[in-house]
S.K.: 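Before we start, here is the structure in question, set down as structure tokens.
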Amino acid sequence: CPHLGARFQPWGSALGLHFPPSAVARSVTVYCAPQFLLGNLVCEKNTLPPQALKLLTASAPDVSYCRLTPTAEIIECASALLNNPMAGLLRLPYAEAKVLELLTLCVAAFSRLEEAAVQQFSEIDIARFHKAREILSSRFSPPPTIASLARELATNETKLKSGFKALFGHTVFEYGHECRMQHALHLLRDKRTRISTVAESVGYRHQGAFASAFKAHFGIRPKDVRHPPEPGVGTSEHAR
């Protein structure tokens, strides 16, 4: 679902953006110096909620992050920017105007920061979260638990869960499950591999449990990857 994230990132820190795999994923990212916001879009610092001020005046090397629910106006403005209707020389000034409008709407959303937590992580924390993502995307059987990941990365479970969600937009479990299902799909396309072997390769002891999880995730059974049902043939469940 749409989400709005705001963060302070110190100069020189290599921190990228990551989004969960999906059929269609579009995003708008606007980078600017905090001084630009405080000097141009905010009249007085003391008019900002305490949490917003904490976000905008963080100090290096910590990275501050806050996630908010976007308003309808923010979604509409971002969509207009992505679907720029102008042509030729008019495309750039239209995009610039929409970026400024979007930034203004996001700053207005800071008024809700009193109810949202501003989280701060060190560069070492960020490196640990990236390492957790790397492990989840390559280690499937048995799948790592949050507790085992925290021990391996020398951090605590609470920080791992909150930091991973803040940085990557989804939970440790969601990302790990997505990676396992995608790996299973890749293996199933090789018709020489037995479905039971695929199930074991992604951490399932029982083929039935794997088949249920796969169908819940993709909407089809594992065997349908190799032998898709013909349109109009089979149960009404296949026809939908």
S.K.: Please report the shortest heavy-atom distance between G203 and P143, naming the atom on each side.
M.R.: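 Taking every non-hydrogen atom into account, CA-CD, 4.0 Å.
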S.K.: Run the side chain to side chain contact (heavy atoms under 4.5 Å, CB included) check on I124 and T155 step by step: do they pass?
M.R.: CA-CA 10 Å; I124 294 176; T155 187; over 6 Å; no
S.K.: In terms of relative ring orientation, are F173 and H177 parallel, tilted or perpendicular, with 30° and 60° separating the classes?
M.R.: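 Plane angle under 30°, so parallel.
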S.K.: Does the side chain to side chain contact (heavy atoms under 4.5 Å, CB included) test come out yes or no for E200 and F140, once each step is laid out?
M.R.: CA-CA 9 Å; E200 293 174 1; F140 308 119; over 6 Å; no
S.K.: Of the non-hydrogen atoms in C179 and S137, which two are nearest, and what is the gap between them?
M.R.: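 Closest pair (atom of C179, atom of S137, distance): SG-CA, 3.8 Å.
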S.K.: Measuring from H186:NE2 to S201:OG, what's the distance to the nearest 0.5 Å?
M.R.: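 Separation between the atoms: 11.0 Å.
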S.K.: Shortest non-hydrogen contact from R128 to L153?
M.R.: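 So the minimum-distance heavy-atom pair works out to NE-O, 2.8 Å.
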S.K.: Go through M181 and F214 one step at a time and tell me if the side chain to side chain contact (heavy atoms under 4.5 Å, CB included) criterion holds.
M.R.: CA-CA 7 Å; M181 291 296 103; F214 189 89; 4.2 Å; yes
S.K.: V30, L82: one ILVMFWY side-chain cluster at the under-4.5 Å cut-off?
M.R.: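 Yes.
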S.K.: Please say yes or no: joined through hydrophobic side-chain contacts below 4.5 Å, possibly via intermediate residues, are V202 and I135 part of one cluster?
M.R.: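 No, it is not one cluster - the side chains of V202 and I135 are not joined through contacts under 4.5 Å.
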S.K.: Can you measure from CG (L187) to CG (D190) and round to the nearest 0.5 angstrom?
M.R.: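 Interatomic distance, L187 CG to D190 CG, rounded to 0.5 Å: 8.0 Å.
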S.K.: Spell out, yes or no, whether L103 and V28 are grouped together once hydrophobic residues are joined by side-chain heavy atoms under 4.5 Å, including indirect joins.
M.R.: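 As far as the 4.5 Å side-chain criterion goes, V28 and L103 are connected within one cluster.
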S.K.: List the atom of L160, the atom of I146, and the distance in Å for their closest heavy-atom pair.
M.R.: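 Taking every non-hydrogen atom into account, CD2-O, 3.9 Å.
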S.K.: So which atom in A78 and which in L102 form the shortest heavy-atom distance, rounded to 0.1 Å?
M.R.: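 Looking at all heavy atoms of both residues, the shortest contact is N-CD1, 4.2 Å.
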S.K.: Other residues, nucleotides and ligands only: do more than 12 of their heavy atoms fall within 6.0 Å of CZ on R226?
M.R.: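 For R226, atom CZ is crowded (more than 12 foreign heavy atoms under 6.0 Å).
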S.K.: Could you give me the CA-CA distance, side-chain angles and deciding distance for D224 and F218, then say whether side chain to side chain contact (heavy atoms under 4.5 Å, CB included) is met?
M.R.: CA-CA 11 Å; D224 293 334; F218 289 111; over 6 Å; no
S.K.: Could you report the tightest heavy-atom contact between I195 and F210, atom names first, then the distance?
M.R.: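 So the minimum-distance heavy-atom pair works out to CG2-CE2, 4.2 Å.
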S.K.: When rounded to the nearest 0.5 angstrom, what is the spacing between NE2 in H183 and CG in L188?
M.R.: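 If we round to the nearest 0.5 Å, H183:NE2 and L188:CG are 10.0 Å apart.
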S.K.: Listed by chain and number, what are the salt bridge (charged side-chain N to carboxylate O under 4.0 Å, His left out) partners of K98, not counting sequence neighbours?
M.R.: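 Result, salt bridge (charged side-chain N to carboxylate O under 4.0 Å, His left out) vs K98: E101.
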